[in-house]
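Lettering follows sequence order; numbering is per chain, from 1.
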Protein chains: 2
Amino acid sequence: METIGFSKHDHHACIEEGLAAVEATCRRDGLQFTPQRRRVLEILLQEHRAMGAYEILDKLRAEGMGAQPPVAYRALDFLVGNGFAHKIERLNAFIACAHPGARHKPAFLICRKCDSVAEASSDAALKAMTETVSDTGFQIDRMMIEALGICPNCAGAEAT
Amino acid sequence: METIGFSKHDHHACIEEGLAAVEATCRRDGLQFTPQRRRVLEILLQEHRAMGAYEILDKLRAEGMGAQPPVAYRALDFLVGNGFAHKIERLNAFIACAHPGARHKPAFLICRKCDSVAEASSDAALKAMTETVSDTGFQIDRMMIEALGICPNCAGAEAT
DNA sequence: TTGCTGTTGATATGATATAACAACCGATAT
DNA sequence: ATATCGGTTGTTATATCATATCAACAGCAA
Ligand SMILES: [Zn+2]
Ligand SMILES: [Zn+2]
Ligand SMILES: [Zn+2]
Ligand SMILES: [Zn+2]
């Protein structure tokens, strides 16, 4: 058990299930879940935090896989493009999706003390935002929401 | 008159007023609105779009001002830090604030056809998001909202 | 076989952002 | 006047993030 997102959970199962879900989705949709792509996702799942592309690359390099930037970026493009991972714009970093396979519109909660990132739903916020801009004529296709704040773990530590 | 944000307006007055508002706020708050900072804001107001730091730097260079990256980034840090400009994370670019001086929590509407950026209020979305995460214990301090979509101008052009 | 599509390998380059330190300038205290 | 201090500027160098390009290769279908 490790502290992840903002809650404890069985991390080994978490990795297994994440890989299995993506594998199933790829099979269903005819996507090629190649060893490189699988390994990058596995790294993201193992670390369970937002990682920079070069940080991932370092891990690949240590394993003898191709270690040039395009290797990491290509795998990440695939994962992000298919919703198996997400890019955190604020951090220029990537994180494994917490709900692989499920259609969802994520928002991210970024702790500014410990840099942990959790995935939440942006449905309500999207609805509110759509309402807000309704009179401008702007048509929202997609929304990036990244909230900065203090995670429960760090809040607890602070209160000590 | 030019097309800006998503609506026509008197752009000359828009620049004048933007500079005046920031000047007033700086005087009130004891901030140093130096020539460089002023010039960078003026460039952002003139272009009235999201600009990369190096794009701004090119303009400064052409005018004989200091032309090394820190020059632009320092001015932008000042402007963003004091709410006179905003960073669009999605574009790694900066834009002059549309409501300088006023306390506000902006959201941005980014047209994926013409790259224009408009500033909207994120108040309702922030409220919705706060509600959404209320049971996680995460305390939101600040939120970045960037909506991707089609601006009214491009929607009109499409419908043709 | 040939052609087509998608993936990988590899080199090079581009784009964005910061570290570090010296010089300068204005305000203030001695 | 002069010492000092905080904030700004000038400059060089470097760090960090991301993409262009092209050759090789594998799977599949005509
Ligand atoms: Zn997700
Ligand atoms: Zn935290
Ligand atoms: Zn603003
Ligand atoms: Zn547009």
request  = May I have the distance from A:D58 (atom CG) to D:dA15 (atom C1'), rounded to whole angstrom?
outcome  = 14 Å
message = Strictly by salt bridge (Lys or Arg N to Asp or Glu O under 4.0 Å), give each pair with a member in residues 87-98 of chain A just once, sequence neighbours left out.
response = A:E89-B:R90, A:R90-B:E89
message = Please check: side-chain N/O of A:E55 versus main-chain N/O of A:G52, any donor-acceptor pairing under 3.5 Å?
response = yes
message = What residues from residues 32-45 of chain A pass a heavy-atom cutoff of under 4.0 Å to DNA chain D?
response = none
request  = Kindly state which residues belonging to residues 23-30 of chain B come within less than 4.0 angstrom of DNA chain D, counting heavy atoms of the residue only, listed by number.
outcome  = none
note = Here the ring pair (Phe, Tyr, Trp, His ring centres under 6.0 Å) pairs for residues 101-129 of chain A, sequence neighbours left out, are A:H86-A:H104, A:H86-A:F108, A:H99-A:H104
query = Can you find a pair of side-chain heavy atoms, one from A:Q36 and one from A:V40, that are under 4.5 Å apart?
reply = no
key: Pairs flagged by salt bridge (Lys or Arg N to Asp or Glu O under 4.0 Å) wherever residues 11-32 of chain A is involved - sequence neighbours left out   = A:E23-A:R38
query = Does the distance from a Lys or Arg side-chain N to an Asp or Glu carboxylate O, for B:D58 and B:R61, drop under 4.0 Å?
reply = yes
note = Whole-Å distance, B:R90 CZ to D:dC17 C1', equals 16 Å
Contact letters for nucleotides 18-24 of chain D, in which S counts primed atoms plus P, OP1 and OP2 and B counts the base, heavy atoms under 4.0 Å = BBBB---
ask   = Below 4.0 angstrom, N of the basic side chain to O of the carboxylate: do A:R49 and A:D115 qualify?
value = no
request  = Keeping the roles fixed (side chain from A:R37, backbone from A:Q32), state whether a donor-acceptor pair exists under 3.5 Å.
outcome  = yes
note = Closest to the 5' end of DNA chain D, once B:L31 and B:Q68 are matched to their nearest nucleotides, is B:L31
query = Should the ring pair B:F84 and B:F78 be called parallel, tilted or perpendicular, given that the plane angle runs from 0 to 90° and is split at 30 and 60?
reply = tilted
ask   = Hey, which of A:L41, A:V22, A:L19, A:T25 is the one that makes side chain to side chain contact (heavy atoms under 4.5 Å, CB included) with A:P100?
value = A:V22
inquiry  = Just the rounded figure in Å: distance from P of D:dG10 to CZ of B:R61.
reply    = 13 Å
ask   = How long is the line joining CG of B:L57 and P of D:dG10, in whole Å?
value = 12 Å
key: Flag, side chain of A:H11 to backbone of A:L45, donor-acceptor distance under 3.5 Å   = yes
message = Whole angstroms only, please: what is the CG-C1' distance between B:L60 and D:dG10?
response = 14 Å
task = Quickly work out the B:M51 CE to C:dA15 P distance and round it to whole Å.
result = 15 Å
